[in-house]
**Q** 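This is the structure, below, for whatever I ask next.
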Amino acid sequence: MGEKKKFKIDKSKIMVSITIFIICFIIVYVMCIQFKTVNKIDVAEIETMRENELREALADWKEQYQDVSKELEYNKTKIAEYESKIESNEEAGELLEEELENAKMLLGLTDVKGEGVIINLSSNSELEVTSQNLLDLVNELNSAGAEAISINDQRIVAMTDIVDVGNFVVINENRIASPYTIKAIGDVTYLQSALNIKKGFLDEYQTNGYTISMKSDNNISINKYDGEMTLDYVK
Amino acid sequence: MIIGAIVLGCLIGVILGVNAPIISYTYSGYLAIAIIAALDSIFGGISATLKGNFDFKVFVSGFFGNAILSMLLTYLGDKLNVDIYLAAIVVFVNRMFLNLTIIRKYYIEKIWTEKKVKSTNKSKSE
C-alpha cells in the first residue's frame, strides 16, 4: 500500500517534471528565436521600421504610383492626339515648305542655277561706267524677264541699292569696280534679243564707245544675297 | 528532480534555439506576445507555489492558453487595425509585477522571521 502510494507520487512527480521540462524548453527555445530575429532585423534600417510605418509608406507610394500612371496615361493620349495632328499637318507642312523655298528663290536668298546671259562691261580710258549705266542694264534685263541678276557676284534683290560713292560703285553696301560682270538667268532668246535689238542697249553702248560684250550660257550659277534682310517699319 | 527538469529544459532550449532558423518579422510580434504571456504564467505559478495554492493543471493550461489566446488577440487586432497586443502586454506585465511583489514579500518575510527566530533563539540561549 505504502509502495503503491510512493509509486503514485513518483508517477505524478515524473509527469510534473516532464511537463516543466517541456515548458522550460519551449519558452527558452522561443525566446532564443525571438532574440535572433530581433537582432537580425536591427541590421537593416528599413526593417527596424514598424510594420505600420512600412504599410503607410507603401500606401503613400501606391497612391503616388497611381497618380503618376494616370498622368502618364493622360500624356500618352495627348501624344497620340498630337501625332495624328502632325500627320494631317505634314502635307500642309510640305506644301508650306515648298512655298517658302519658292519665296526664298524669288527673294534671292538661295543660290540658283539656270540658263541665261553673261554681260561684261568695263570702263575704258575715255568712259567711266557709273551706277546709272548698271541701273539701266538691270532695268533692261528685268524688262526682258530675267529671274535672277548679279553684278560682280552681288545679287540684285528688292532692297538692293546701286549708287556711286566717289570713284566706285556700291552695290549692297559692297564696293565693286570695273570690269563688271553681269549675270542674268532667264529665257536666253528673250534676253539676247532684248539687248541686241537695233538701237537697243548693246548697240547704243557700243556706238558710244563702251567696252561691252555678251554671251549666253546654259548653266549660270548666281549666289544668294548674303546681307541681312530686316523689316522694322513695315507692319 | 523538478529543478533538474528546469535546468535541463533551459539548456536544451538554448542549444536548439541558437541553431534555430529566424522567423519572418511579421510573426515575431506574435512570438513576443506569446513569450510575455508564458513568462506571466511562470511568475504566476511561482507565486502560487509560495502561497501554497499551486495547481499544476491550472498552470499548464494557463501557460499554453494565455500564449495562444494572446496570439489570437494580436491577430484579431491586426485584422481590426487595433493594437490589441498593447492591452495584452499591459495586463500581463501588470500581473507579472503583482506576482513579483508577492514573491518578494514572501522572501522578505521569510528572511525577516528567520532572523527574528534566530535572534529570539539567541536571546533565549543567552
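Chain identifiers are assigned alphabetically (A, B, ...) following the order of the sequence lines, protein sequences preceding nucleic acid strands; residue numbering begins at 1 within each chain.
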**Q** Are more than 12 heavy atoms, taken from residues, nucleotides or ligands other than B/Ile3, located less than 6.0 Å from that residue's CD1 atom?
**A**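 At most 12 heavy atoms, drawn from other residues, nucleotides or ligands, come within 6.0 Å of this atom.
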**Q** Locate the shortest heavy-atom distance separating B/Gly13 from A/Cys32; write the atom from each residue and the value.
**A**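 Nearest heavy atoms, B/Gly13 then A/Cys32: O-SG, 4.4 Å.
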**Q** How far apart are the closest heavy atoms of B/Ser28 and A/Gln34, and which atoms are they?
**A**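 So the two residues come closest at O-NE2, 3.0 Å.
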**Q** Just list the side-chain donor-acceptor pairs under 3.5 Å for residues 64-76 of chain A, sequence neighbours left out, or say none.
**A**
unit_1: A/Ser69; atom_1: OG; unit_2: A/Tyr65; atom_2: O; d: 3.0
unit_1: A/Ser69; atom_1: OG; unit_2: A/Gln66; atom_2: O; d: 2.8
unit_1: A/Tyr74; atom_1: OH; unit_2: A/Lys78; atom_2: NZ; d: 3.0

**Q** So does B/Ala20 get a backbone contact from the side chain of A/Lys36, meaning a donor-acceptor N/O pair under 3.5 Å?
**A**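 Yes.
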**Q** Side chain from CB out, backbone as N, CA, C, O: work out which of these in A/Ile26 comes under 4.5 Å of a heavy atom of chain B, or both, or neither.
**A**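 Side chain only.
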**Q** Mind ranking A/Ile23, A/Ile20, A/Ile27 by heavy-atom pairs under 4.5 Å with chain B and telling me who comes out on top?
**A**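 Most heavy-atom pairs under 4.5 Å with chain B: A/Ile23.
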**Q** Name each donor-acceptor pair under 3.5 Å that joins a side chain in residues 91-120 of chain A to protein atoms two or more places apart or in another chain, with its distance.
**A**
unit_1: A/Asp111; atom_1: OD1; unit_2: A/Lys224; atom_2: N; d: 2.6
unit_1: A/Asn120; atom_1: OD1; unit_2: A/Thr181; atom_2: OG1; d: 3.4

**Q** Chain A contacts: which residues in residues 49-74 of chain B have a non-hydrogen atom closer than 4.5 Å to it?
**A**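 Only B/Phe56, B/Phe59, B/Val60, B/Phe63, B/Phe64 of residues 49-74 of chain B have a heavy atom under 4.5 Å from chain A.
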**Q** With a 4.5 angstrom heavy-atom cut-off, is it the side chain or the backbone of B/Ile42 that approaches chain A, or both, or neither?
**A**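 For B/Ile42, the side chain is the part near chain A, not the backbone.
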**Q** Side-chain contact, heavy-atom cut-off 4.5 Å: A/Tyr29 with B/Val14?
**A**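 No, their side chains stay 4.5 Å or more apart.
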**Q** For each of A/Val30, A/Thr19, A/Val16, tally heavy-atom pairs with chain B at distances under 4.5 Å, and name the one with the top tally.
**A**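 With the most close heavy-atom pairs to chain B, the winner is A/Val16.
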**Q** Please evaluate residues B/Leu16 and A/Phe25 with respect to the criterion side chain to side chain contact (heavy atoms under 4.5 Å, CB included), reporting the C-alpha separation (whole Å), side-chain torsions for both, the decisive distance (0.1 Å), and the verdict.
**A** CA-CA 9 Å; B/Leu16 288 181; A/Phe25 167 73; 3.4 Å; yes
**Q** Quick one: pull up CE in A/Met31 and CG in B/Leu31 and give me the separation to the nearest 0.5 Å.
**A**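 Reported value, rounded in 0.5 Å steps: 10.5 Å.
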**Q** Strictly less than 4.5 Å between heavy atoms, which residues of residues 95-116 of chain B line up against chain A? Please order them by number.
**A**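 The list, in residue order, is empty: none.
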